[in-house]
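Here the structure is laid out as structure tokens; the discussion comes afterwards.
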Amino acid sequence: MDLERLLTDRLAPAFAAVAGVPVDPAVRRSQHADFQSDAALGLARRLSRPPREIAAEVRERAALADVCASVEVSGPGFLNLTVADHALGGLVSALAVDPRLGVPPVAEPETVVVDYSAPNVAKEMHVGHLRSTVIGDAAARTLEWLGHRVLRANHLGDWGTPFGMLIEHLLDLGEAGAAQELSMGDLDGFYKAARAKFDDDEAFRERSRRRVVALQGGDPATLRLWRLLVTQSESYFLTVYDLLDVTLTGDDFRGESSYHDQLAPTVEELDRLGLLRRSEGADCVFPPGSVGRDGEPLPLIVRKSDGGYGYPATDLAALRHRTGTLGATRLLYVVGLPQRRHFEMVFAVGAQAGWLTAPVRAEHVGFGSILGPDGRMLRSRAGGSVKLVGLLTEAVERATALARERNPELGEAEAAEVGRAVGIGAIKYADLSGDRHKDYVLDWERMLSLDGNTAPYLQYAYSRVRSIFRRAGAAARPDADVSLAEPAERALAMELVGFAAVVEEVAGSLEFHRLTAYLHRLAVAFSAFYERCPVLRADGPVRESRLVLCELTGRVLRQGLDLLGIRTPERL
Ligand code: ARG
């Protein structure tokens with residue numbers, strides 16, 4: 001049980017008694033005491049009583065004696081709550097014996113589809129796919145840890161008109177040559193060469209068009225070539241996932257093509273429901289509330305005028321499949337903010353069609369761009385888009401060099417492992433530690449810094465905890481009494497018991513910067529504690545108690561970072 005909840009449970013009946021209706025006590029952390037409740041202010045008008053008087057009456061009625069050392073009415077009518085040390089110590093002791101660190105599995109597990117990563121076949125993954133992969137993976141890990149059934153859906157762009165030209169280009173290169181180019185990860189080169197021919201060469205263009213028709217018609221020879229492109233790209237993406245250390249596997253590929261035979265039935269169902277309208281030769285749905293800049297209703301095109309199905313139709317079929325067949329009740333789409341309108345319309349049509357009705361819900365987990373040091377879209381020196389693998393390799397190299405420099409005793413293998421954990425951790429953390437809706441600047445110095453709100457800082461805090469136990473030669477005794485005599489001990493304990501509330505909040509909002517901010521506060525509190533409170537040099541019960549605080553700090557850091565997909569090496 002976390003403190004917010006405990007205090008809420010104790011205050012709610014008192015508020016209800018005073019107000020005559022249920023009231024949310026709105027308990028939150030405070031600058032002036034440990035927590036405060038401002039709910040009396042909101043009741044003043046309704047009860048026609050001064051808020052201070054309401055707060056005072058709640059204070060009289062609330063059963064807080066065993067939890068709080070003091071409860072004070074302050075300012076216009078706040079209740080300032082200071083938690084009693086023994087109560088806080090008791091909560092810490094309960095965490096010490098709880099393998100889940102105070103975070104119980106959810107009472108009602110859901111089936112959640114997390115649609116993420118989704119690069120495009122025969123195209124390089126760009127930094128937008130990096131963000132999707134990192135955020136989506138954190139979502140999948142977090143929801144899974146809470147006990148939900150998580151289905152990872154890698155909605156690969158593996159279908160559509162570009163495949164005509166890509167297949168023709170593959171034939172020009174010869175299968176072996178093309179396979180080699182693709183497996184080396186030169187996807188952009190491949191795509192650009194095909195594109196250039198398509199733009200300049202009428203005969204190639206014509207071949208490409210015929211090839212698309214053959215592909216859509218299911219011509220076996222064409223399908224075989226298409227599959228070659230897809231599998232080559234997939235195996236390349238898997239090497240990136242491996243480097244990036246994410247949980248996506250080959251089993252999670254759910255390319256656009258996999259919804260192929262559901263496209264016609266999906267559109268037919270829309271038609272039966274009377275939702276289709278013909279506009280400029282295309283079959284469209286006009287979801288209510290969707291208007292363009294000029295105020296004209298905006299259509300979602302489900303079948304193009306040439307009879308083909310595009311991106312929106314595939315997403316509708318996928319949505320229908322995920323809720324109807326897979327039985328998911330929560331759908332997450334981790335995709336950049338530029339696609340916001342697309343998802344709004346897809347969800348609106350899904351709702352109209354009855355595929356997406358309460359309690360089932362869909363969320364576009366949108367995010368901003370990664371910017372270069374100049375504050376503009378990240379570009380390579382040559383001006384092209386930055387290759388993801390290059391970025392990851394650079395992070396690992398930089399971090400490995402730093403690890404060697406800091407800790408010359410590390411062996412080759414350990415330095416490489418630490419470099420990887422720190423480099424990849426730094427990239428992920430930089431991505432997750434800002435409000436995801438905003439753009440952020442990729443800044444190597446900052447994200448690899450051992451100071452500040454960074455992965456290396458937290459990994460360093462973790463390694464300090466581990467070093468204490470290496471020196472102690474034993475683990476903490478989980479049943480030791482926890483005493484919180486020093487302010488720094490108390491402050492650390494206060495953070496430790498707050499883990500559950502943060503994880504629960506983040507599972508809803510998917511705003512991982514709240515979790516990183518929490519972990520950072522915890523590491524800062526630990527570092528202040530460690531400076532002021534000797535652990536191994538303390539005696540008897542004090543030492544035992546402090547070892548419990550250290551051990552819990554290590555476990556929360558490790559678990560919290562694990563939810564974000566970040567490793568915690570024993571030594572840095
Ligand atoms: N392949 C798309 C892109 O690279 C992202 C797909 C996102 N997922 C979806 N269900 N539409 O932009």
Side-chain angles (χ1 to χ4, degrees), residues 112-137 139-140 150-163 166 187-188 190-192 195 226 229-230 233-234 236-238 240-241 244 246 248 252-260 262-263 266 287 300-302 309-326 328 330-350 353 355-356 360-370 377-378 385-388 436 510:
V112 185
V113 172
V114 188
D115 181 318
Y116 72 110
S117 193
N120 302 311
V121 163
K123 262 191 165 176
E124 190 56 59
M125 280 176 90
H126 55 66
V127 286
H129 297 119
L130 168 71
R131 293 211 73 183
S132 172
T133 309
V134 169
I135 298 168
D137 210 53
V150 171
L151 304 176
R152 293 165 174 77
N154 193 346
H155 197 83
L156 215 61
D158 65 354
W159 198 252
T161 41
F163 282 90
L166 292 169
L187 271 57
D188 266 356
F190 187 92
Y191 193 93
K192 283 201 190 109
R195 182 84 234 177
W226 167 76
L229 282 173
V230 175
S233 301
E234 283 183 350
Y236 170 68
F237 296 143
L238 287 174
V240 178
Y241 298 149
L244 194 52
V246 289
L248 276 175
D252 303 317
F253 288 121
R254 294 281 178 285
E256 295 179 18
S257 66
S258 63
Y259 301 100
H260 207 101
Q262 296 168 48
L263 293 170
T266 300
L300 191 69
I301 300 176
V302 295
Y309 302 100
Y311 189 60
T314 307
D315 259 322
L316 285 173
L319 185 148
R320 179 172 169 267
H321 176 72
R322 289 168 184 179
T323 61
T325 309
L326 302 176
R330 190 177 183 196
L331 307 182
L332 305 177
Y333 294 80
V334 190
V335 188
L337 281 170
Q339 294 195 37
R340 180 156 134 198
R341 165 94 78 186
H342 165 75
F343 286 111
E344 274 169 10
M345 293 177 77
V346 167
F347 299 164
V349 173
W355 306 325
L356 187 63
V360 184
R361 63 230 185 270
E363 295 155 54
H364 175 204
V365 185
F367 51 81
S369 311
I370 305 185
M377 291 291 270
L378 192 65
S385 61
V386 170
K387 223 173 136 164
L388 190 53
R436 66 176 152 78
L510 303 172

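Remember, it's 1-based here, ligands and their atoms both numbered in the order they're listed.
The two residues Gly336 and Phe367 make their nearest non-hydrogen contact at N-CZ, 3.2 Å.
If you check which protein heavy atom lies closest to atom 4 (O) of ligand 1, you get His129 NE2, 2.9 Å. Nearest non-hydrogen protein atom to atom 6 (C) of ligand 1 is Tyr311 OH, 3.3 Å. Scanning the protein heavy atoms around atom 8 (N) of ligand 1, the nearest turns out to be Asp115 OD1, 3.2 Å. In this structure, atom 2 (C) of ligand 1 lies nearest to the protein heavy atom Ala118 O, 3.7 Å.
Considering backbone and side-chain atoms together, Arg322 places no N or O closer than 3.5 Å to any N or O of ligand 1. Not one N or O of Phe343 is nearer than 3.5 Å to an N or O of ligand 1, by distance alone. Residue Glu256 has no nitrogen or oxygen atom sitting less than 3.5 Å from a nitrogen or oxygen atom of ligand 1, judged on distance alone. Residue-to-ligand polar distances place Asp315 within reach of ligand 1: an N/O pair is separated by less than 3.5 Å.
Distance alone, capped at 3.5 Å, is enough to place a donor-acceptor pair between the Asn154 side chain and the Ala118 backbone. Using modelled atom types, no side-chain atom of Arg152 and backbone atom of Val114 make a donor-acceptor pair closer than 3.5 Å. Side chain of Arg436 to backbone of Arg131: no donor-acceptor contact under 3.5 angstrom is found.
Every atom of ligand 1 with a heavy atom of Val335 under 4.0 Å away is listed here by number and element: 7 (C), 8 (N). Residue-ligand proximity, Gln339 to ligand 1, at heavy-atom distances under 4.0 Å covers atoms 12 (O).
A parallel orientation is assigned to the rings of Tyr311 and His342, their planes being inclined by less than 30° (bins at 30° and 60°).
Distances from atom 1 (N) of ligand 1 to the heavy atoms of Leu319, Asn120, Val121 put Asn120 nearest.
With 3.5 Å as the limit, one finds a donor-acceptor pair spanning the side chains of Tyr241 and Ser117.
Dense packing is recorded around CG of Leu326, with more than 12 heavy atoms of other residues, nucleotides or ligands lying under 6.0 Å away.
You'll find the ring centres of Tyr333 and Phe347 inside the 6.0 Å limit.
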